[in-house]
Amino acid sequence: MEKGILAGWGVTLNSLLEEQRALNMRMLLAVQLQDMVTQEKLRKSLEENAAQIEQMTSGNFRRHALPQ
């Protein structure tokens, strides 16, 4: 998924929640394997994902007109 301002037209709350679930599963595996490097990378990804979800659910998400 692209980073930054909710990039692309395909970003939906459902897709962000699916990404969050996948990241959580990967984090669980990294914890079980005691892989600290991967845990840190996943923590950052989870924080970015949570910020996007917060932005979308708080009403701060600006909808753009479709290109003509």
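- Members clustered with Val37: none, using a 4.5 Å side-chain heavy-atom cutoff among hydrophobic residues.
- With rounding to the nearest 0.5 Å, the separation of CG in Leu23 from CG in Leu46 is 4.5 Å.
- Residues that satisfy the side chain to side chain contact (heavy atoms under 4.5 Å, CB included) test with Leu28, not counting sequence neighbours, are Gln32.
- Grouping the Ile, Leu, Val, Met, Phe, Trp and Tyr side chains by contacts below 4.5 angstrom, directly or via other members, places Leu17 with Met56.
- Cluster partners of Leu29, by chain and number: Leu33. The rule joins Ile, Leu, Val, Met, Phe, Trp and Tyr whenever side-chain heavy atoms lie under 4.5 Å apart.
- Expressed to the nearest 0.5 Å, how far CD of Glu54 lies from CG of Leu16 amounts to 12.0 Å.
- Between the CD1 atom in Ile53 and the CD atom in Gln20 there is a gap of 4.0 Å [rounded to 0.5 Å].
- Here Gln39 pairs with Met27, Ala30, Val31, Met36 under the side chain to side chain contact (heavy atoms under 4.5 Å, CB included) rule; sequence neighbours left out.
- Within the structure, the salt bridge (charged side-chain N to carboxylate O under 4.0 Å, His left out) test picks out the following pairs touching residues 32-41 (sequence neighbours left out): Glu40-Arg43.
- The CG atom of Asn49 lies 11.0 Å from the CD atom of Glu18; values are rounded to the nearest 0.5 Å.
- A 6.0 Å sphere centred on CD of Glu47 holds more than 12 heavy atoms belonging to other residues, nucleotides or ligands.
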